[in-house]
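Okay, structure first, notes after.
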Amino acid sequence: MPEMPAAAPTRPALKLTHEGALTMLAAALAKANELGVPQNINIVDEGGNLVAFVRMDGARLLSRETSLSKAITAASHRQPSGRLNPVDAPNLQHAAGQRLTNLVGGLPIIVDGQCLGGIGVGSGTGEQDVEVARAGLRAIGAQDQTP
């Protein structure tokens with residue numbers, strides 16, 4: 001039997017930089033200001049680790065937590081938040097320590113086919129949250145996905 005080639009022990013991967021996260025944050029802030037909606041904006045890396053965050057003056061306090069969950073959900077599932085199967089969502093939320101959510105407003109950060117993390121926005125309507133998140137994606141040329 002012929003020998004199978006050994007799998008490479010490493011692979012190249014794109015990473016979201018702090019500068020990239022701040023660029024996204026600035027664009028999202030500008031869109032929130034344009035809409036007149038104070039927002040909580042979280043940006044996480046591919047592992048769900050917080051890279052950048054802002055709570056705008058007047059943003060809802062508890063939206064700080066939901067916007068982080070939106071970002072983590074988008075990063076971990078590599079799709080917009082709000083797409084979890086409603087039947088499975090409660091079990092997934094419980095199993096993940098309440099870090100996942102089915103609320104809209106989280107988008108994955110996908111560049112060249114690789115998921116670099118997620119952006120989650122909360123304090124407006126779901127539509128406003130998505131609009132602000134999309135502004136962040138556009139700022140770095142990330143792929144957009146329709147929620």
Side-chain angles (χ1 to χ4, degrees), residues 7-8 10-147:
T10 62
R11 63 181 167 83
L14 297 175
K15 297 286 184 183
L16 180 65
T17 64
H18 188 240
E19 183 177 327
L22 291 177
T23 298
M24 292 180 69
L25 194 60
L29 277 165
K31 178 54 84 174
N33 281 322
E34 177 186 313
L35 296 173
V37 179
Q39 295 278 23
N40 288 284
I41 304 164
N42 282 276
I43 299 171
V44 300
D45 66 14
E46 76 284 359
N49 302 298
L50 186 62
V51 179
F53 167 76
V54 69
R55 179 177 180 268
M56 296 173 68
D57 294 339
R60 295 181 183 149
L61 174 65
L62 292 180
S63 294
R64 176 188 66 186
E65 302 306 321
T66 59
S67 59
L68 178 58
S69 293
K70 291 174 185 185
I72 291 170
T73 301
S76 69
H77 286 78
R78 284 138 176 77
Q79 64 183 4
S81 62
R83 287 191 182 173
L84 297 176
N85 180 333
V87 173
D88 297 332
N91 288 335
L92 291 171
Q93 290 166 332
H94 179 71
Q98 306 305 318
R99 301 300 298 230
L100 299 179
T101 184
N102 222 12
L103 297 171
V104 297
L107 298 175
I109 304 166
I110 298 176
V111 175
D112 293 338
Q114 292 185 40
C115 184
L116 310 185
I119 179 171
V121 180
S123 200
T125 65
E127 185 178 285
Q128 291 167 328
D129 296 349
V130 169
E131 193 172 344
V132 170
R134 281 190 166 138
L137 293 181
R138 281 192 300 272
I140 64 164
Q143 174 186 333
D144 192 3
Q145 292 185 24
T146 303

Is it true that a side-chain atom of [X] and a backbone atom of [Y] form a donor plus acceptor pair closer than 3.5 Å?
X: Glu46; Y: Lys15; result: no
X: Asp45; Y: Gly47; result: yes
X: Ser123; Y: Asn40; result: no
X: Ser81; Y: Leu103; result: yes
X: Gln39; Y: Ala32; result: no

[X] [atom1] to [Y] [atom2] distance, which is reported to the nearest 0.5 Å:
X: Glu65; Y: Arg60; atom1: CD; atom2: CZ; answer: 15.0 Å
X: Asn42; Y: Leu68; atom1: CG; atom2: CG; answer: 4.5 Å
X: His77; Y: Leu84; atom1: NE2; atom2: CG; answer: 5.0 Å
X: Lys70; Y: Ser63; atom1: NZ; atom2: OG; answer: 6.5 Å
X: Leu35; Y: Thr125; atom1: CG; atom2: OG1; answer: 8.5 Å

Going by heavy atoms in the side chains, are [X] and [Y] under 4.5 Å from each other?
X: Ile109; Y: Met24; result: yes
X: Val37; Y: Val132; result: no
X: Asp57; Y: Pro38; result: no
X: His18; Y: Val51; result: yes

| Would the number of heavy atoms belonging to other residues, nucleotides or ligands and lying under 6.0 Å from CG of Leu62 be above 12? | no
Taking all non-hydrogen atoms of both residues, which atom of [X] and which atom of [Y] are closest, and how far apart?
X: Thr101; Y: Thr73; result: N-OG1, 2.9 Å
X: Ser67; Y: Gly122; result: CB-N, 3.5 Å
X: Gly136; Y: Ile119; result: CA-CD1, 4.3 Å
X: Ile43; Y: Leu25; result: CD1-N, 3.8 Å
X: Gly105; Y: Ala133; result: O-CB, 4.1 Å
X: Asp129; Y: Gly124; result: OD1-N, 3.0 Å

| Salt bridge check: are Glu34 and Lys31 linked by an N-O gap of less than 4.0 Å? | yes
